Structures are given as structure tokens and as C-alpha cells.
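In listed order, ligands and their atoms are each counted from 1. These numbers come from the heavy atoms of this one structure, side chains and all, not from hydrogens, waters or symmetry mates. None of these values were measured; they are calculated from a predicted model.
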Amino acid sequence: MTATFDVIIIGAGAAGLFCGAEAGKRGRRVLVIDHADKPAEKVRISGGGRCNFTNLETRPDRFLSQNPHFAKSALSRYTPHDFLELMARNRLTWHEKTLGQLFCDQRSGAVIKMLLDELETAGGDLRLGLQVSSVDHVDGRFRVEAEGDALECSRLVIASGGLSIPKMGASGFAYDVARQFHHNVIMPRPALVPFTFSGKWKDAFSELSGVSVPARVSAAVGAFDEALLFTHRGLSGPAVLQASSYWREGEDIEIDLFPAGDGFDRLKQAKAAHPKRGLANAFAGLFPERLASRLPDWLDLPSDKPLGALSNARLESVAKAASSWRVRPAGTEGWRTAEVTAGGVDTDELSSKTMESRRVPGLYFIGECVDVTGWLGGYNFQWAWASAWAAGQGV
Ligand code: FDA
């Protein structure tokens with residue numbers, strides 16, 4: 001027996017559930033499938049359980065992709081305000097934490113319930129714990145084999161996400177399907193991920209594990225002013241996670257410990273107030289104590305002389321050293337902790353309006369599996385909603 005649908009969506013995460021609801025509203029007969037027993041598990045754990053579901057500062061330049069123009073259309077047609085209307089219709093409320101990041105007051109479970117309610121109201125079916133064994137395209141129709149069941153549809157949407165956090169069911173399914181249908185896949189790589197270090201820096205950072213400091217962290221492209229956190233294995237914290245998305249193996253990152261640009265002034269003030277103090281003591285007034293005591297050594301600065309013995313030119317060079325501190329990560333913590341996957345299904349072969357394949361009519365890719373990756377702070381969910389909405393109008 002073959003069960004027939006207008007639209008089959010593989011992946012019941014943020015993008016898949018939302019796309020199912022949108023397609024259902026348009027009268028399409030929809031089935032959403034997931035191999036996991038529970039839907040949208042990444043929504044559940046997101047934002048520390050409060051789901052940072054969008055960002056008010058959403059702009060195309062806050063997304064990485066080989067084609068920086070691709071996301072513009074979808075992001076402009078389904079905006080954070082559209083999602084807020086959906087939340088309000090479902091009696092969900094939110095608050096802004098910082099930098100435009102919106103979190104759900106009723107926690108992430110309520111966002112999942114909203115997505116499931118929307119799908120059900122739109123008449124969509126959901127089957128969980130179902131393993132797809134093959135996808136074929138014959139005579140303009142897609143045939144999906146799943147645990148002995150044959151499922152058929154004219155529109156197939158791949159919403160199975162990226163490779164981050166394999167223990168949560170992440171798989172390379174989307175990339176396999178893309179390659180099967182002769183799509184190019186931009187090499188997926190872990191993004192929004194902590195850096196690891198080896199040798200001297202691993203030991204040094206590990207000693208400071210748990211210390212956090214405001215900093216500007218830059219990789220080859222992009223500079224991010226947020227917190228930097230020392231960990232047992234290296235560096236983390238929002239500023240570091242953001243920079244990691246732009247980092248490539250073998251490159252340095254640059255850390256500015258005076259992100260407000262006032263390092264020289266603050267050191268001059270310290271010299272005037274306490275000329276007999278050494279640099280580590282002066283730093284103690286500016287940074288967490290454990291960091292302050294190590295910095296002179298790490299940055300190769302004079303720790304034996306009192307501040308009063310350092311010329312202003314020397315103080316300026318000290319401020320400069322703390323503002324342009326370059327270190328080279330050994331790598332990242334990889335898929336185990338990466339919040340998202342950068343790279344993915346090449347956007348060159350997708351319609352930016354509907355997410356439909358230019359190679360195989362009726363085949364769509366949405367959400368994280370596509371080569372569009374947002375900054376930290378709700379941007380990746382906004383991409384999931386926007387790309388799902390675009391496909392939902394097209395299928
Ligand atoms: P998603 O991964 O959500 O869903 C894919 C679905 O497909 C899953 O249900 C999976 O089980 C299923 N699947 C996979 N392979 C399959 C197969 N072979 N067959 C069938 N089903 C399959 N973003 C943000 O904007 N704000 C935030 O606060 C956070 N926080 C956050 C925390 C943590 C710890 C992580 C790991 C990630 C975040 N993110 C985030 C990122 C965000 O979770 C992510 O970008 C979206 O969930 C992507 O949505 P998708 O629907 O594309 O994939």
C-alpha cells in the first residue's frame with residue numbers, strides 16, 4: 001500500500017514543523033516525518049530552555065553563506081515581527097535579553113506546542129520515530145521508503161538540519177539527498193563552537209576556567225563585542241562563538257581586552273592614582289583578578305616595574321598589546337558542542353524565493369541544512385522560520 005500526500009517534509013524540527021503548518025494552511029495534504037521520537041528537540045534545549053526564537057536586528061549581513069544575497073528574499077518576506085504575531089495569536093509572550101535577542105516567557109516547550117498546534121490545525125500529519133531508508137524520484141513524483149512503508153508525494157521538503165550535536169539525532173541526511181540529486185554541498189563545518197588550544201595556551205586558559213571578561217574577538221572577518229569565557233579546553237563565550245563561525249583552521253584570532261578603546265586612558269589613570277603599583281595590580285582594577293595576575297606574563301609585559309616608572313609611550317604599547325592579543329586555536333570542540341552547521345546545500349541551485357531545487361522540480365531544502373548560517377542570538381531560528389515560510393508558500 002502506498003500512502004499519498006501532496007507534501008512530505010523530512011525533519012520535524014523548527015523549519016519542518018513550521019513549513020508543514022504553512023503548506024497545510026494552503027490546503028496541501030502534508031506529512032512531516034522525523035526519525036527521532038520527539039519533535040523539535042533543538043528548540044527545546046535552545047536559549048537555556050527559553051528558546052531565543054528570533055532577533056530584532058535580523059539583517060542579511062548577519063548570516064554567512066557563499067552567496068550573501070541568497071537569504072535576502074526569504075528574510076524580507078517573513079520577518080521577526082511576523083513570528084511575533086504568530087506568538088501573540090498563540091498567547092505566548094517574550095522578553096528581550098540583550099542585542100535584540102527575544103526569548104519566550106513560557107519557555108521553549110510552549111514554542112514547540114505552538115508549532116505542533118499550528119500543524120494540527122492546518123490538517124498536517126506527523127509521524128515520529130520513522131527511519132527513512134530511501135528517496136526516489138520517478139515520473140515527477142517522489143517515493144519515500146520508511147520502515148517498510150511506501151509514501152508518495154509531488155513535493156518533497158528536506159528539513160533534517162545539520163550535523164551539530166549528533167547525540168540529539170543530527171544526521172547528514174540532507175546532504176546525502178542533495179548529492180543524490182546532483183546538488184553541490186558546501187563542506188559542512190561546526191560553527192558557533194568553542195575553540196580548543198594545545199600546549200602553553202591550553203594550560204594557561206585551563207587555569208582560568210570559569211573566568212569571563214568583556215572582549216572584542218575577531219577572526220579573519222567580523223569582530224564581536226561580548227563576553228569571552230576561559231574553559232578547561234580553551235575559549236568560549238558569545239564573542240568567541242561568534243568569531244568561530246568565521247574562523248578557518250591555522251588562523252589566529254585577535255582578542256581586544258579593552259573593547260571600549262579606552263585601554264591607554266585607563267592605564268594612565270591607574271598610573272596617576274597608584275604610581276607605585278605594578279602592572280598586575282593595575283590590571284586587577286580592570287580585569288578579574290585571576291586574569292590580571294597572568295596577563296603581564298601572557299602578553300610579555302614588564303611586571304617588575306612600578307607604573308610610575310613606565311613612560312606614557314610604554315603604557316600605550318601595553319594597552320595596545322592587550323587590545324591586539326593574537327592566539328592561534330588548535331581547533332574547535334567540533335560537532336559535539338557546535339550550535340550550528342555552517343556550509344550545507346549550495347544556494348546556487350536553489351530558488352531564493354521558494355527554496356525549490358533548480359535541478360529537480362518539487363524538491364525543497366530549508367533551515368539549517370542550507371548554506372545559510374546565522375549569528376548567535378536567535379538568527380538561526382529566524383532563518384528556519386523564514387526559509388520554511390518561503391517553501392510553505394511554494395509547495
Ligand atoms: P533541526 O535540527 O531543528 O531539526 C531537524 C530535524 O530533523 C530534527 O528533529 C532531527 O531529528 C530530524 N532528522 C535529522 N536527520 C533525520 C533523518 N535522517 N530522518 C528523519 N529526520 C531526521 N538558534 C537560535 O536561533 N536561537 C537559540 O537560542 C539557539 N540555541 C541553540 C542551542 C543549542 C544547544 C543548539 C544545538 C542549537 C541552538 N540553536 C539556536 C540553533 C537552532 O537550534 C538550529 O539552527 C535550528 O534548530 C535549525 O532548525 P532546522 O529545523 O533546520 O533543524
Side-chain angles (χ1 to χ4, degrees), residues 8-20 31-55 58 62-63 80 83 94 97 99-104 107-108 111-112 115-116 126-135 144-147 151 156-177 190-194 238 241 245 333 335-342 344-345 355 364-388 391:
I8 294 178
I9 300 172
I10 302 181
L17 291 177
F18 190 51
C19 182
L31 172 68
V32 185
I33 300 175
D34 204 296
H35 66 176
D37 292 330
K38 290 183 185 164
E41 278 297 276
K42 282 193 183 164
V43 174
R44 189 176 305 283
I45 60 161
S46 65
R50 288 209 174 271
C51 188
N52 176 195
F53 60 88
T54 193
N55 194 300
T58 295
R62 296 184 169 199
F63 293 81
F83 199 77
W94 58 86
K97 232 185 200 169
L99 303 171
Q101 301 169 4
L102 300 190
F103 290 75
C104 178
R107 304 188 66 85
S108 48
V111 177
I112 299 174
L115 294 170
L116 293 172
L126 175 63
R127 286 187 62 183
L128 299 170
L130 194 63
Q131 294 288 343
V132 173
S133 46
S134 67
V135 171
V144 176
E145 296 281 345
E147 297 183 15
L151 307 164
L156 179 67
V157 182
I158 307 299
S160 56
L163 291 170
S164 51
I165 325 243
K167 73 168 191 240
M168 293 188 68
S171 79
F173 180 82
Y175 314 132
D176 296 341
V177 173
L192 298 180
V193 61
L241 299 182
S245 298
E333 290 195 0
W335 299 117
R336 191 177 58 82
T337 60
E339 202 162 289
V340 282
T341 302
V345 180
M355 308 291 134
Y364 297 71
F365 293 90
I366 60 172
E368 191 175 321
C369 69
V370 178
D371 172 35
V372 174
T373 306
W375 282 10
L376 186 77
Y379 294 97
N380 285 296
F381 279 136
Q382 188 56 37
W383 171 247
W385 316 135
S387 58

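Defined by atom type and a distance below 3.5 Å, a donor-acceptor pair is present between the side-chain atoms of T54 and Q382.
When E368, R127, Q131, Q382 are checked for heavy-atom proximity to atom 45 (O) of ligand 1, E368 turns out nearest. Of the options D37, L17, D176, D34, the smallest heavy-atom separation from atom 8 (C) of ligand 1 is shown by D34. Of the options S164, G11, A159, the smallest heavy-atom separation from atom 5 (C) of ligand 1 is shown by A159.
Below 3.5 Å of separation, one finds no N or O of A40 facing any N or O of ligand 1. Residue S171 places at least one N or O, backbone or side chain, under 3.5 Å from an N or O of ligand 1. Ligand 1 has a nitrogen or oxygen under 3.5 angstrom from a nitrogen or oxygen of H35. Inclusion of I10 in the set of residues having an N or O under 3.5 Å from an N or O of ligand 1 is not warranted. Looking at ligand 1, you won't find any N or O of S46 less than 3.5 Å from one of its N or O atoms. Residue contacts with ligand 1: G47 is placed with a nitrogen or oxygen under 3.5 Å of a nitrogen or oxygen of the ligand (distance criterion only). Remark: ligand 1 and I45 share no N or O pair separated by less than 3.5 Å (distance only, no angle test).
Of all protein heavy atoms, the one lying nearest to atom 14 (C) of ligand 1 is S160 O, 3.3 Å. Taking atom 49 (O) of ligand 1 as the reference point, the nearest protein heavy-atom neighbour is A14 CB, 3.9 Å. Scanning the protein heavy atoms around atom 35 (C) of ligand 1, the nearest turns out to be E339 CG, 3.4 Å. With hydrogens left out, the protein atom closest to atom 26 (N) of ligand 1 is N52 O, 2.9 Å, a heavy atom. At the shortest separation from atom 51 (O) of ligand 1 among protein heavy atoms lies A15 N, 2.9 Å. In terms of protein heavy-atom proximity, atom 4 (O) of ligand 1 is closest to G13 CA, 3.4 Å. The protein atom (non-hydrogen) at minimum distance from atom 53 (O) of ligand 1 is G161 CA, 3.5 Å. Scanning the protein for heavy atoms near atom 47 (O) of ligand 1, the closest one is F381 CE2, 3.4 Å.
Nearest heavy-atom pair, S108 versus R44, reported as atom, atom and distance to 0.1 Å: OG-O, 2.6 Å. Nearest heavy-atom pair, T58 versus Y379, reported as atom, atom and distance to 0.1 Å: CA-CE2, 3.7 Å. Closest approach of V32 to G20, counting heavy atoms only: CG2-CA, 4.4 Å.
With a 4.0 Å cut-off on non-hydrogen atoms, F173 touches ligand 1 through its side chain and not its backbone. Here N380 has heavy atoms under 4.0 Å from ligand 1 in both its backbone and its side chain. With a 4.0 Å heavy-atom cut-off, ligand 1 is reached by no atom of W383. Neither the backbone nor the side chain of A388 has a heavy atom within less than 4.0 Å of ligand 1.
Of all atoms in ligand 1, numbered sequentially from 1 with element shown, those under 4.0 Å from a heavy atom of V340 are 41 (C), 45 (O). Contact atoms of ligand 1 toward I165: 36 (C) (distance under 4.0 Å to a heavy atom of the residue). With ligand atoms numbered from 1 in the order given, ligand 1 contributes 52 (O) to contacts under 4.0 Å with heavy atoms of G367. In summary, the atoms of ligand 1 found under 4.0 Å from a heavy atom of G378, numbered by their order in the structure, are 24 (C), 25 (O), 26 (N). Counting the atoms of ligand 1 from 1 in the order shown, those under 4.0 Å from a heavy atom of A36 are 11 (O). Interface of G169 with ligand 1, defined as ligand atoms under 4.0 Å from a residue heavy atom, comprises 14 (C), 15 (N). Annotation for ligand 1: atoms under 4.0 Å from non-hydrogen atoms of Y379 are 25 (O).
Side-chain contact between N380 and L192: present, with at least one pair of heavy atoms (C-beta onward) separated by less than 4.5 Å. Using a 4.5 Å cut-off on side-chain heavy atoms (C-beta onward), E368 and S164 make contact. Residues F18 and L115 have side chains in contact (heavy-atom distance under 4.5 Å, counting atoms from C-beta outward). Here the side chains of T341 and T373 are not in contact, with every heavy-atom distance at 4.5 Å or above. When side chains are defined from C-beta on, L126 counts as touching L17, because their heavy atoms get closer than 4.5 Å. W335 has its side chain out of reach of I165: every pair of non-hydrogen atoms, C-beta onward, lies at least 4.5 Å apart. A heavy-atom distance below 4.5 Å is found between the side chains of V135 and F173. Looking at heavy atoms from C-beta onward, S387 lies out of side-chain contact with V370 at the 4.5 angstrom threshold.
Between W385 and F381, the distance from one ring center to the other falls under 6.0 angstrom. Here the two rings, on F83 and F53, have centers that are under 6.0 Å apart.
Between atom OG of residue S134 and atom CD of residue E145 there is a gap of 4.5 Å, rounded to the nearest 0.5 Å. Rounded to the nearest 0.5 Å, atoms CG (L31) and CD1 (I9) are 8.5 Å apart.
Within the 3.5 Å criterion, the main-chain N or O of Q101 finds no donor-acceptor partner in the side chain of N52.
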